Amino acid sequence: SEIAKIYDPLGWSLPLLIDAKLIAQGLWKVGLKWKQQLSTVDSKQWAEVVENIGDYTLNLPRLVVDRKSPTVLHLFTDASKSAYGCAIYIQNILPDGKLAVPQLLIAKSRLYPASGNIDVSRGELVAIYIGTEVLLFTLKQLIGVLNVTKVCIYSDAEIALCQIAKLKTSTEIFVRNRVVKVWRNL
């Protein structure tokens, strides 16, 4: 229940919470009930997560970008063996043509389903799909507010990028559905 207390609509605390979510998912998989006592091993794992989070505070800049300057959005997507996610950074182009320091704008992550039917290569594709969904949402919010002149999308997932490039060649329904959704978002 401690995880549910954290309100983070922009996903800025995701790196701190992923281990806690993995522990909660593991407890759910073994059928632990809500009020049931944790085992010694689980209690130790939870204590380590809480200690790592510690008294973390996040300092938010009051001014992220200049509304009048051209702005660039950078979307990064990635997946691991247990989760996938994306992060969008925002960056101004300064009057002298140089780029300002990028600032984290929004991030999203998900654990793989408890059934475990998604591998890392599929996770990479889903991360790109989720990333394009978050990017589309972000762009809609920024229309008329900022002068977004460029969007860059980054992924190290060669298999997923090839699947997206070859839209019609995939016979796998899971892959084809995500690729179609990515193209629709772009």
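Because the structure is predicted, anything quoted here is derived from the model rather than measured.
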Trp28 side chain vs Ile23 backbone, donor-acceptor pair below 3.5 Å
no

Sub-3.5 Å donor-acceptor pair from the side chain of Ser39 to the main-chain atoms of Asp42, do we have one?
yes

Is there a side chain to side chain contact (heavy atoms under 4.5 Å, CB included) between Leu142 and Thr71? Walk through the geometry before answering.
CA-CA 10 Å; Leu142 297 178; Thr71 304; over 6 Å; no

Indicate, with yes or no, if Leu105 and Ile93 share a hydrophobic cluster defined by side-chain heavy-atom contacts under 4.5 Å among Ile, Leu, Val, Met, Phe, Trp and Tyr.
no

Do Leu14 and Lys21 come within less than 4.5 Å of each other through their side chains, counting heavy atoms only?
yes

Worked check of side chain to side chain contact (heavy atoms under 4.5 Å, CB included) between Leu75 and Val151:
CA-CA 8 Å; Leu75 167 63; Val151 174; 5.6 Å; no

Does the pair Leu161 and Ile128 meet the rule for a side chain to side chain contact (heavy atoms under 4.5 Å, CB included), with working shown?
CA-CA 9 Å; Leu161 293 172; Ile128 294 170; 4.1 Å; yes

Do Trp183 and Leu139 share a hydrophobic cluster, counting only Ile, Leu, Val, Met, Phe, Trp and Tyr and linking them when any side-chain heavy atoms are less than 4.5 Å apart?
yes

Any heavy-atom pair between the side chains of Ile18 and Leu111 that's under 4.5 Å?
yes

Contacts satisfying side-chain hydrogen bond (donor to acceptor under 3.5 Å, both in side chains) that involve residues 128-140 (not counting sequence neighbours) are Thr132-Asn185, Glu133-Asn185

How about Lys44: does its NZ atom have over 12 heavy atoms from other parts shown lying under 6.0 Å from it?
no

Treat each ILVMFWY residue as a node, draw an edge where side-chain heavy atoms are under 4.5 Å apart, and state whether Val72 and Val134 are in one component.
no

Quick one: side chain to side chain donor-acceptor pair (under 3.5 Å) partners of Gln91, sequence neighbours excluded?
His74

How about Arg176 and Ile173: do any of their side-chain heavy atoms sit closer than 4.5 Å?
yes

Gln37 atom CD, neighbour heavy-atom count above 12 within 6.0 Å:
no

Ala127 to Gly85 - nearest heavy-atom pair and separation
CB-O, 3.7 Å

Please say whether more than 12 non-hydrogen atoms of neighbouring residues, nucleotides or ligands are located less than 6.0 Å from CZ in Phe76.
yes

Are the side chains of Ile164 and Leu125 in touch, meaning some heavy atoms are under 4.5 Å apart?
yes

Is it true that atom OH of Tyr154 has more than 12 heavy atoms of other residues, nucleotides or ligands lying nearer than 6.0 Å?
yes

Determine, using the 4.5 Å side-chain heavy-atom cutoff (strictly less than), whether Ile153 and Tyr89 are members of one ILVMFWY cluster.
yes

Answer whether the closest heavy-atom distance between the side chains of Ile88 and Leu135 falls below 4.5 Å.
yes

Hey, does Phe174 have a side-chain heavy atom less than 4.5 Å from the side chain of Val126?
yes

Step by step, work out the side chain to side chain contact (heavy atoms under 4.5 Å, CB included) result for Asp156 and Glu124.
CA-CA 9 Å; Asp156 63 353; Glu124 293 278 10; 3.7 Å; yes

Could you state the interatomic distance from CG (Leu73) to SG (Cys152), rounded to the nearest 0.5 Å?
9.0 Å

Closest non-hydrogen contact found for Ala79 with Gly123 is CB-C, 3.5 Å

Check for a donor-acceptor pair, side chain of Tyr112 on one end and backbone N or O of Ser80 on the other, with a separation under 3.5 Å.
yes

Consider only side-chain heavy atoms of I, L, V, M, F, W and Y, link residues closer than 4.5 Å, and tell whether Ile143 and Val65 are in one cluster.
no

Find the distance between NZ (Lys108) and OG1 (Thr77) and round it off to the nearest 0.5 Å.
16.0 Å

Find out whether Leu10 and Leu104 are in side-chain contact, i.e. whether some heavy atom of one side chain is under 4.5 Å from a heavy atom of the other.
no

With a 4.5 Å cut-off on side-chain heavy atoms, are Leu38 and Leu32 touching?
yes

Is a donor on one side and an acceptor on the other found under 3.5 Å between the side chain of Asn92 and the backbone of Leu94?
no

How many angstroms lie between atom CD of Gln45 and atom CG of Leu27, to the nearest 0.5 angstrom?
8.0 Å

When rounded to the nearest 0.5 Å, the distance separating CD of Glu172 from CG of Asn177 is 10.5 Å

For the student: nearest non-hydrogen atoms of Asp119 and Arg122, plus distance:
OD1-N, 2.9 Å

